[in-house]
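Worksheet for the structure shown next.
Everything numeric in this text was worked out from a predicted model, so none of it was measured.
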Amino acid sequence: QIQVLLSPEFQEAYKIENIVPDPASQSMDNGSTVLQFPARGQGQIVFFLTVRERITGSRQNTIKVNNTDFSLNYYIYP
């Protein structure tokens, strides 16, 4: 299983419109969205999020994949 955790701050900045491929399950954990994707063996996993901005300005968020943090620093233009 691959677990992707999207922080509440990520969801505050973006409205998730589509996830490809569809996660096997989706749940909430302390305000974070938890996406589960099936996986076996080793290799590269690619998934796409289609999002729409909710707020503008400089943002910093973290996406966690299998308990490894990936920091995102970006600017959302109006």
Side-chain angles (χ1 to χ4, degrees):
Q1 280 281 73
I2 303 285
Q3 182 183 68
V4 177
L5 198 106
L6 304 174
S7 67
E9 295 81 15
F10 184 89
Q11 295 174 80
E12 178 183 310
Y14 293 107
K15 176 181 187 252
I16 299 170
E17 295 186 340
N18 193 29
I19 303 169
V20 175
D22 288 331
S25 68
Q26 183 174 342
S27 60
M28 297 296 291
D29 182 13
N30 291 324
S32 295
T33 297
V34 180
L35 307 171
Q36 297 277 354
F37 298 92
R40 264 189 236 146
Q42 294 184 352
Q44 183 175 348
I45 300 293
V46 177
F47 73 98
F48 297 93
L49 295 173
T50 304
V51 297
R52 183 169 308 276
E53 75 280 354
R54 292 183 197 244
I55 56 176
T56 60
S58 182
R59 307 296 298 166
Q60 180 176 1
N61 289 199
T62 301
I63 293 178
K64 191 175 278 201
V65 179
N66 287 350
N67 293 320
T68 300
D69 289 342
F70 293 90
S71 294
L72 304 173
N73 297 301
Y74 53 91
Y75 188 87
I76 302 172
Y77 291 91

What is the minimum heavy-atom distance between Pro23 and Leu35, and which atoms define it? CG-CD2, 4.0 Å

Rounded distance [0.5 Å steps], CD in Gln11 versus CZ in Arg54: 7.5 Å

Working to the nearest 0.5 angstrom, can you tell me the gap between Asp69 CG and Lys64 NZ? 4.5 Å

What's the shortest heavy-atom distance between Ser32 and Pro8, and which atoms? OG-CD, 3.3 Å

Does some side-chain heavy atom of Ile45 sit less than 4.5 Å from a side-chain heavy atom of Val65? no

Check the hydrophobic clustering (I, L, V, M, F, W, Y; side-chain heavy atoms under 4.5 Å; chains of links allowed) and say if Val20 and Ile2 are grouped together. no

Please evaluate residues Arg59 and Glu12 with respect to the criterion salt bridge (charged side-chain N to carboxylate O under 4.0 Å, His left out), reporting the C-alpha separation (whole Å), side-chain torsions for both, the decisive distance (0.1 Å), and the verdict. CA-CA 10 Å; Arg59 307 296 298 166; Glu12 178 183 310; 3.5 Å; yes

Check whether Val51 and Leu72 end up in the same hydrophobic cluster, where Ile, Leu, Val, Met, Phe, Trp and Tyr are linked by side-chain heavy atoms less than 4.5 Å apart. yes

Report yes if the side chains of Phe70 and Thr68 come closer than 4.5 Å at any heavy-atom pair, otherwise no. yes

Answer with yes or no whether the hydrophobic clustering places Ile16 together with Val34; edges join I, L, V, M, F, W, Y residues whose side-chain heavy atoms lie under 4.5 Å apart. no

Do Asn18 and Phe48 come within less than 4.5 Å of each other through their side chains, counting heavy atoms only? no

Heavy atoms from other residues, nucleotides or ligands near CG of Asn73 exceed 12 (cutoff 6.0 Å): yes

Hydrophobic cluster identity match, Leu5 and Phe10, side-chain contacts under 4.5 Å: no

Over all heavy atoms of both residues, which pair between Pro21 and Phe37 is shortest? Give the atoms and the distance, please. O-CE2, 3.2 Å

Minimum-distance pair of heavy atoms, taken over all atoms of Thr33 and Gln26: CG2-NE2, 3.8 Å

Between Tyr77 and Tyr75, what is the ring plane arrangement, given parallel below 30°, perpendicular above 60°, and tilted in between? perpendicular

Do Tyr14 and Leu49 have side chains that approach each other closer than 4.5 Å (heavy atoms only, starting at C-beta)? no

